[in-house]
Protein chains: 2
Amino acid sequence: MVDKTLRDILQAHGLKATFQRLSILEYLMTHETHPTAEMIHADLSNISLATIYNTLDKLVDVGIIIVIDTLKDDKRHYDYYGEPHYHIINSNTNEIIDADNFDVAPLFEAARQVSGLNITGFHIEIYGVEADQAK
Amino acid sequence: MVDKTLRDILQAHGLKATFQRLSILEYLMTHETHPTAEMIHADLSNISLATIYNTLDKLVDVGIIIVIDTLKDDKRHYDYYGEPHYHIINSNTNEIIDADNFDVAPLFEAARQVSGLNITGFHIEIYGVEADQAK
DNA sequence: TCCCTCTTTTAGAATTATTCTAATTTAGTT
DNA sequence: AACTAAATTAGAATAATTCTAAAAGAGGGA
């Protein structure tokens, strides 16, 4: 049934449900680690690195996952994006916290007013430091 | 006097005011193109590419400029960040629009509540498509 | 169920943006 | 004017990501 759900998610986005895609999607849905391609490859070592990259690209294209590439390590991190959310990044540790306690509707409206575009998505990263070393 | 202001900006952030840094900072302040290191190097060809990268890193570190690396071209784009603002990205054209008609204070407060961190900055990118091709 | 076709996967090579190195120059101070 | 730590530089090195072209697999139709 997990498998069924995963198939449904892929097919709803027009992607064939291959073993590799099911594995990678499940991995992203069950890990809160915001992994890189290499990290996924280390755990799913029976899937080639090229396929990891190909699949991640596809999942990003259809909007199932998103990329975080603002970390200091210069690698792309991936995040399952079932529910839209924003990220809080601890600049001391590079830890990424998922959060959704903010309504983006007013921001969308502001962006629409400025640009005239139909808004399709967002990426928000908030940076912070541990409170006792703020200054 | 422009030069004076540029020196002041650099020195206020603890950076020596070299010819190269003055040139690159002025370039970023006077171009709305959100250029890459290569684009800057193409225009300021008397400055070595290594120095362009070094200088951009320094300017990012002290917060004078920010990086946009969510574009499809897989290159880092840089943006003078004199006044905090957010970005609206036209997914059809990759055009980046600077906007500031949104108060981030409530978002900062939400992030502080979730994380307990002292919030130091933000990165917001809103994606959109031209209205007549939204669906 | 069994083809058929188009898509996906794969290993390894290739690419290229960015970083590193070590030598030279420079900014800012004494 | 001299000093010293910091900055610049050319070119080599790195490594994340992309490409290639051959093999395997998914899913629809008969």
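Sequence lines set the chain letters: A, B, ... in the order given, protein chains first and strands last, and positions in each chain run from 1. Just the heavy atoms: all of them, side chains too, but no hydrogens, waters or symmetry mates, feed the values below.
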Regarding A:Asp57, tell me which of base, sugar-phosphate or nothing describes its non-hydrogen contacts under 4.0 Å with the strands shown.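 Sugar-phosphate, no base atom in range.
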Check every strand shown and say whether A:Asn46 touches a base, only sugar-phosphate, or nothing at a heavy-atom separation below 4.0 Å. sugar-phosphate
Close N or O pairs between protein and nucleotides 28-30 of chain C (under 3.5 Å):
from, atom 1, to, atom 2, distance (Å)
C:dG28, OP1, B:Gln11, NE2, 3.4
C:dG28, OP1, B:Ala17, N, 3.1
C:dG28, OP2, B:Arg7, NH2, 3.4

Looking only at side-chain atoms of [X], point me to the closest of [options].
X	options	value
A:Thr55	C:dT9, D:dT9, C:dT10	C:dT9
B:Arg21	D:dA7, C:dT18, C:dT9	D:dA7
B:Leu49	C:dT10, C:dT18, D:dG11	C:dT18
B:Asp74	C:dC20, D:dT8, D:dT18	D:dT18
B:Gln20	C:dT9, D:dT9, D:dC19	D:dT9

Would you kindly give the [atom1]-to-[atom2] distance between [X] and [N], to the nearest whole Å?
X	N	atom1	atom2	value
A:Lys58	C:dT9	NZ	C1'	11 Å
A:Asn54	D:dT20	CG	C1'	12 Å
B:Tyr53	D:dG11	OH	P	17 Å
A:Leu56	D:dA16	CG	P	15 Å
A:Asp73	C:dT18	CG	C1'	14 Å
A:Leu59	C:dT8	CG	P	12 Å
A:His41	C:dG12	NE2	C1'	12 Å
A:Phe19	D:dA23	CZ	C1'	17 Å

Does [X] put a side-chain nitrogen or oxygen below 4.0 Å from OP1 or OP2 of [N]?
X	N	value
B:Arg76	C:dT19	yes
A:Lys75	D:dT17	no
A:Ser48	C:dT10	yes

Which of these passes side-chain contact (heavy atoms from CB on, under 4.5 Å) with B:Leu28: B:Ile64, B:Asp79, B:Leu59?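 Answer after filtering B:Ile64, B:Asp79, B:Leu59: B:Leu59.
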Looking at B:Asp100 and B:Tyr86, what are the two nearest heavy atoms and their distance?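 What the structure gives for the nearest pair is N-CE2, 4.1 Å.
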Of the non-hydrogen atoms in B:Ala111 and A:Ile88, which two are nearest, and what is the gap between them?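 Scanning both residues completely, I find the closest heavy atoms to be O-CD1, 3.6 Å.
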Let me confirm one number: the OG1-CD distance from A:Thr70 to A:Glu125, rounded to the nearest 0.5 Å. 3.5 Å
Can you list the steps and then say if A:Ile52 with A:Gln20 is a side-chain contact (heavy atoms from CB on, under 4.5 Å)? CA-CA 8 Å; A:Ile52 306 270; A:Gln20 292 86 343; over 6 Å; no
Kindly check if the number of other-residue, nucleotide or ligand heavy atoms within 6.0 Å of CD (A:Glu32) is above 12?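 It does not: A:Glu32 CD has 12 such atoms or fewer within range.
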Between B:His77 (side chain) and B:Ile68 (backbone), is there a donor-acceptor pair under 3.5 Å?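 Answer holds: no.
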Is the closest basic N to carboxylate O distance between B:Arg76 and A:Asp69 below 4.0 Å? no
